[in-house]
J.: 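Got a structure here, written out as structure tokens. Questions coming.
Just so it is clear, the structure is predicted and the values come from calculations on it, not from any experiment. Letters go in sequence order (proteins before strands), and every chain restarts at 1.
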Amino acid sequence: MDNGESSTNDSSRPWESYNTVFTNAKAGMEGVDKEKVQRIVYEMSKGSKYFQNEERKEALMKQKIEHMRERSTKLSSTDLSNYQKVVDRRILELEATRDLSRIWLHVDMDAFYAAVETLSNPSLEGKPMAVGGLSMISTANYEARKFGVRAAMPGFIARKLCPELIFVPVDFTKYTHYSELTRKVFRNYDPHFIAGSLDEAYLDITVVCRERGLSGGEIAEELRSSVYSETGLTCSAGVAANRLLAKVCSDINKPNGQFILQNDRSTVMTFISSLPIRKWIKIGGIGKVTEHILKDALGIKTCEDMVQKGSLLYALFSQSSADFFLSVGLGLGGTDSPEARSRKSISSERTFSATGDEKLLYSKLAEIAEMLSDDMKKEGLKARTLTLKLKTATFEIKSRAVSLQRYTCSSEDILKHATKLLKAELPVSVRLIGLRMSQFSDEIRNSDPSQETITKFIIQKDSSRQNLDDNDYDGSKNCISNDESLGLSFDTHETSYDQLKDVEYEEQSEIDADKVIPNQEFKKEERPRVSEGDALLIKHKECRPDTSHSTNDAPNTEAVTVFPQMEPLLWIDGYKCNLCGIELPPSFVEERQEHSDFHLAQRLQNEESCSSSSTTPTSKRRILGKEKANSKLKKQKQDHKHIPIHTFFTKTNQNSFSYLKLIFQKRNQEEMKMVLNLISPKLNLSPFNTLGEPKPIPSMSDILTSSRTRNLDLKIQTLGPFFRVTGKNIDTGGEVGRAEGVVRPWFGKGLVLHLDTIKLTKETMKMEKSVLGVGLYVGAVAIRHGYDCGCRTAQLLAIYDSDLYHSKLVRFYRRIGFEEVKEVSGSSIGDMADMLVWGGVGTRMDASIHHLLLKWSKVFLKSKI
DNA sequence: GCGGATCAC
DNA sequence: TATGGTGATCCGC
């Protein structure tokens, strides 16, 4: 859709604009011919789906940058000087938190996985080697890095860069074992060290240094040699006043080296502001995108700039982001000793070769649910939010989440809900499926057990959202952990807001306070949670909603006993009701609402007729509680024992056809024929032939189902009267054709389906040679859409381009069932209407929609048998 | 709460 | 031929 953006490349050196991360500064990359690496990476990637997605992401990033730039230019100098006041005060506050009394050490193992592999297979020594496979490598040793090979690079590109590269498969048990050995050493220096990952850690060595009268550098030397003697592995270390600086330092003399930054303010400031851009990029939290935004939109290239342009940062970013940038600029961050953080989610995901085959996808999903469930059981975790992650064949990431009523870790529960989530996305061609569970049951564990129950109650109760917010335990927790994750040890929020208000009052500034108010303020007041919780509990008991026919909750036992047959209403393929099979286009929002009301009414009828005694008043109230939006229904329910189904179908516009079909399916044919004539005598949309039999025209589902057997994924979007049908190759995700147009009244013909374009792309069509096939399918969806909208006629203009092309076009349309109506040449007054509508000359061709559907029905109904 | 993005390792 | 898996966070809605 958004291509054509890459044409800005310098044509002689297109690779220069392909921003891979592979040429960033990384230890061991100093002597690398970066241009060559970049060129090869570009050439290996160019044209691939992955590459296209990178281009798409890049375009988005540019947009973001442009937006940021625009916003920055709109800032007035008064704005900026006001924000500068905030910055000035903030700097003072941040300075006050500067703690130079601690000594932090960051250890980072050198090419950890590769080094471990070399240890267990010494013949690898001195040879370029990478841990991983042809699709992805995890780590490269230093010999390989000389060729530009590095972590996160696909193996096949690495091999191109270094043909003799040796690949070694990953073996996490090995790495975990060696990691544990290193950690034993770390514990001797700081029993509470923070493990960043298997191969790195932060140690607060203040105490060791003091007790043993050694400098940070001496301790680092000792630790590193101790690690070496225990494991045979080398590591690098950085020593500084805080974790952020220590981490930067450990990178400086990599591999097998160390760097010590004195705990002295001016040394720190000189160091940080002299840091070349390539170094501070790697400061945690600033990645590729943020870097570009800072640099390209705001001209911030160094840490010094961050302080100097602080007013810009505070004007354009959230408070917490701006605070983070500013503290980086001041060389602050991470002097506290945070408590060990507990995990907040657990997940499992797998990549495979892209497929749109539903059976296959469901079985992958089951495998992943199983893995996830196993992991959760191993960790003793139960959770209530399930997130499905998909990576499409075109590398786009999608996620879909549901929050369940109960905490669970069972693979059955997970799979059941995951399947629903996946089902709603089909058809889709994906290359990765992932499942994640979050919101653990013990996340809200509290010292007071009575409070825990109340909290659980609040959390479980969906409709108490407002109250939940007011008692948002997680919210306050997030605030704290944010600061931890940023390595900041100060509380930023309220003070700054007060300051800003001061500024506003003092200066009569025009700053929009909303922009600067932190998203999450600390709630410092005591929360009256027990009494509120009690009130909630009562409220909850009173009107706990029955949500069992929404798509995303766990079964409610009570509801199940009342309505054992109750299933959630879903629109299969986005079109077809799973309960009765009626089809309603997605754009028929109101109609769909009424349709679901219909099913509800049915249930109510069943309830009344089959077991009025077994139905408790409570359960009735529940149903109505959920459906209270429909006051019509409520009234019916209260006034009558039985609800006549036709009450729900009072509309008399052309859309009523859908209802009629429904009624036809549910009720006596004769009766319905009468209703049909009553409601819609003009339109010949009867689904019956003269014999009173349903006409065999393909339904939207028939068309979609049939198209899928041809590897086509068809979608229709509507915007008011406009519509667009797109057809994609299920496997590649590439677009193969589209139709666009509008449903409009036409002189004396009622509504017509006006087809603006039917476009077919040949290149991406690896499926059938037959253009006619794709055209037919795309066209059929459009035509069926017209049918659903009550159109009788479809019309199009075979545009006159050249003789040859035009006659081909006319022949094509004739083959699929259109007939020439007239030549629109602009030579007669009568052509004016057509000219105005079509904006060109050509052959106007019409077709009877019903006729087309009948004519095509064999094609689409074939697959049904 | 949800979904998209970003980030780190 | 071919571009990972796990976990966290933030922002906007």
Side-chain angles (χ1 to χ4, degrees), chain A residues 20-22 41 44-45 47-54 57 60-61 64 108-109 112-113 131-139 151-160 170 172 175 179 195-201 247 281-293 317-321 324 341-354 368 371-372 375 384-391 395-404 421 431-439 459 462-463 465 468-469 472 474-475 477-479 481-486 518-520 552:
Chain A
T20 61
V21 288
F22 304 128
V41 172
M44 299 290 293
S45 302
S48 66
K49 287 271 172 289
Y50 175 83
F51 182 86
Q52 286 169 17
N53 189 249
E54 289 300 300
K57 275 160 46 184
L60 280 175
M61 189 171 87
K64 222 166 159 177
D108 196 340
M109 303 302 296
F112 185 53
Y113 298 174
V131 177
L134 275 185
S135 57
M136 181 59 60
I137 65 186
S138 298
T139 313
M153 178 182 276
F156 67 92
I157 292 180
R159 197 168 56 179
K160 188 86 171 180
V170 286
F172 275 99
Y175 315 142
S179 179
S197 61
L198 285 182
D199 77 328
E200 67 179 277
K247 169 117 172 110
I281 278 174
K282 300 210 298 160
I283 285 171
I286 302 179
K288 187 177 130 182
V289 174
T290 314
E291 177 216 338
H292 272 96
I293 289 177
F317 290 92
S318 71
Q319 167 116 31
S320 60
S321 302
F324 168 66
R341 265 190 281 165
S342 58
R343 71 151 81 229
K344 293 177 177 54
S345 72
I346 185 166
S347 67
S348 189
E349 65 186 54
R350 284 296 174 275
T351 296
F352 40 85
S353 58
I368 291 161
M371 289 191 287
L372 179 57
D375 289 351
R384 59 179 282 270
T385 298
L386 172 68
T387 307
L388 169 74
K389 174 178 169 185
L390 300 176
K391 193 191 281 179
F395 286 87
E396 280 157 299
I397 309 278
K398 284 183 180 177
S399 69
R400 297 289 179 263
V402 267
S403 292
L404 314 178
L421 291 175
R431 69 193 325 280
L432 172 147
I433 294 182
L435 290 174
R436 171 181 305 269
M437 290 289 271
S438 49
Q439 305 264 38
I459 298 240
D462 285 353
S463 58
R465 177 78 189 119
L468 181 58
D469 280 347
D472 194 349
D474 284 335
K477 238 168 108 178
N478 283 343
C479 286
S481 53
N482 284 350
D483 281 352
E484 281 173 6
S485 73
L486 298 176
N519 290 330
Q520 296 170 314
N552 55 356

J.: Among C:dG4, C:dA8, B:dG3, find the nucleotide with the atom closest to the side chain of A:Ser399.
T.: B:dG3
J.: Once the angle between the rings of A:Tyr113 and A:Tyr175 is folded into 0 to 90°, is it parallel (under 30°), tilted (30 to 60°) or perpendicular (over 60°)?
T.: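 Taking A:Tyr175 first and then A:Tyr113, their aromatic rings lie parallel (interplane angle under 30°).
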J.: Flag the pair A:Ser403 / A:Thr385 as yes when at least one side-chain heavy-atom distance between them is below 4.5 Å, and no otherwise.
T.: yes
J.: Is the distance from OP1 or OP2 of C:dG7 to the nearest side-chain N or O of A:Lys389 less than 4.0 Å?
T.: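 Answer is no, no contact under 4.0 Å.
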J.: Under 4.0 angstrom, heavy atoms only, what part of the nucleic acid is A:Ile137 near: base, sugar-phosphate, or nothing?
T.: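 Answer is nothing: A:Ile137 stays at 4.0 Å or more from every strand.
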J.: Once you round it to whole Å, what is the distance between P of C:dT6 and CG of A:Asp375?
T.: 8 Å
J.: Between A:Phe156 and A:Glu349, which has a closest nucleotide on DNA chain C that is more 5'?
T.: A:Phe156
J.: Rounding to an integer number of Å, can you tell me how far A:Ile157 CD1 sits from C:dA2 P?
T.: 12 Å
J.: Can you spot which of A:Ile433, A:Leu435, A:Leu432 makes a side-chain contact (heavy atoms from CB on, under 4.5 Å) with A:Lys389?
T.: A:Leu432
J.: Nearest whole Å is fine: how far is B:dC2 C1' from A:Leu404 CG?
T.: 14 Å
J.: When you measure from the side-chain N and O atoms of A:Arg159 to the phosphate of C:dA2, is any distance below 4.0 Å, counting only OP1 and OP2?
T.: no
J.: Between C:dC11, B:dG4, B:dC2, spot the one nearest the side chain of A:Ser320, thanks.
T.: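 From the listed options, C:dC11 comes nearest.
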J.: Map A:Lys64 and A:Asp199 onto DNA chain B by nearest heavy atom, then report which one ends up closer to the 5' terminus.
T.: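 Comparing both residues, the 5'-ward one is A:Lys64.
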J.: Considering only side-chain heavy atoms of A:Ser348, which listed nucleotide, B:dG1, B:dC7, C:dT6, is closest?
T.: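 So the side chain of A:Ser348 is nearest to C:dT6.
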J.: Heavy atoms from C-beta onward define the side chain here; which of B:dG1, B:dC9, B:dC7 lies closest to that of A:Gln439?
T.: B:dG1
J.: Thinking salt bridges, do A:Lys57 and A:Glu54 make one under a 4.0 Å N-O criterion?
T.: yes
J.: The side chain of A:Glu200 lies closest to which of these nucleotides: C:dG7, B:dC9, B:dC2?
T.: B:dC9
J.: Nearest whole angstrom, please: distance from the P of C:dG4 to the OH of A:Tyr113.
T.: 16 Å
J.: Write down the distance between CD1 (A:Ile368) and P (C:dG4), rounded to a whole number of angstrom.
T.: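 So the two atoms are 14 Å apart, to the nearest Å.
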J.: Across the strands shown, which category fits A:Leu198 at heavy-atom distances under 4.0 angstrom: base, sugar-phosphate, nothing?
T.: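 Nothing: the residue A:Leu198, judged by heavy atoms under 4.0 Å, touches no strand.
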J.: What's A:Lys57 touching, base or sugar-phosphate or nothing? Going by heavy atoms closer than 4.0 Å.
T.: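 Touches nothing.
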J.: Check if the side chain of A:Arg436 and the base of C:dG7 share a donor-acceptor pair of N or O atoms closer than 3.5 Å.
T.: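 Pair found.
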J.: So, is A:Thr387 close to the B:dG3 phosphate, meaning a side-chain N or O under 4.0 Å from OP1 or OP2?
T.: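 No.
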J.: Sub-3.5 Å donor-acceptor pair from the side chain of A:Glu200 to the main-chain atoms of A:Met109, do we have one?
T.: no
J.: Specify the separation, in whole Å, of atom CE of A:Met437 and atom C1' of C:dA8.
T.: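 About 18 Å, once rounded to whole Å.
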J.: Kindly say if A:Ser345 contacts the phosphate of C:dA8, meaning a side-chain N or O under 4.0 Å from OP1 or OP2.
T.: yes
J.: Phosphate oxygens OP1/OP2 of C:dT6: is one of them under 4.0 Å from a side-chain N or O of A:Ser347?
T.: no
J.: Indicate, with a heavy-atom threshold strictly under 4.0 Å, whether A:Thr290 touches base, sugar-phosphate, or nothing.
T.: sugar-phosphate
J.: Any side-chain heavy atom of A:Met153 within less than 4.5 Å of one from A:Val41?
T.: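 Side-chain contact under 4.5 Å: yes.
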J.: Would you say A:Thr351 reaches C:dG5's phosphate, i.e. side-chain N/O to OP1/OP2 under 4.0 Å?
T.: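 Looking at the OP1 and OP2 atoms of C:dG5, one of them is under 4.0 Å from a side-chain N or O of A:Thr351.
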J.: Using every non-hydrogen atom in the two residues, find where A:Phe112 and A:Thr139 come nearest and quote the distance to one decimal.
T.: N-CG2, 4.4 Å
J.: Closest nucleotide of DNA chain B for A:Gly196 versus for A:Leu60: which of these residues is on the 5' side?
T.: A:Leu60
J.: Counting only side-chain heavy atoms from C-beta out, which of C:dC11, C:dA8, C:dA2 sits nearest to A:Leu134?
T.: C:dA2
J.: Atom CD of A:Glu396 and atom P of B:dT6: how far apart are they, to the nearest Å?
T.: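 So the two atoms are 13 Å apart, to the nearest Å.
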J.: Does C:dA2 have OP1 or OP2 under 4.0 Å away from a side-chain N or O of A:Ser48?
T.: no
J.: So what does A:Ser138 hit on the nucleic acid, given a heavy-atom distance under 4.0 Å: a base, only sugar-phosphate, or nothing?
T.: nothing
J.: Is any side-chain nitrogen or oxygen of A:Arg400 closer than 4.0 Å to OP1 or OP2 of B:dG1?
T.: no
J.: Just to confirm, is there a sub-4.0 Å distance from OP1 or OP2 of C:dG4 to any side-chain nitrogen or oxygen of A:Ser135?
T.: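 Negative; the distance criterion is not met.
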J.: So, does A:Arg343 get its side chain near the phosphate of C:dT6, meaning an N or O under 4.0 Å from OP1 or OP2?
T.: no
J.: To the nearest Å, how far apart are A:Tyr175 OH and B:dC9 C1'?
T.: 14 Å
J.: Counting side-chain heavy atoms from CB outward, which of B:dG3, C:dA8, C:dG5 is closest to A:Arg350?
T.: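 For A:Arg350, the side-chain atoms sit closest to C:dG5.
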J.: To the side chain of A:Ser321, which of B:dC9, C:dC11, B:dG1 is closest?
T.: C:dC11
J.: Would you please name every residue forming a ring pair (Phe, Tyr, Trp, His ring centres under 6.0 Å) with A:Phe395, sequence neighbours left out?
T.: A:Tyr50
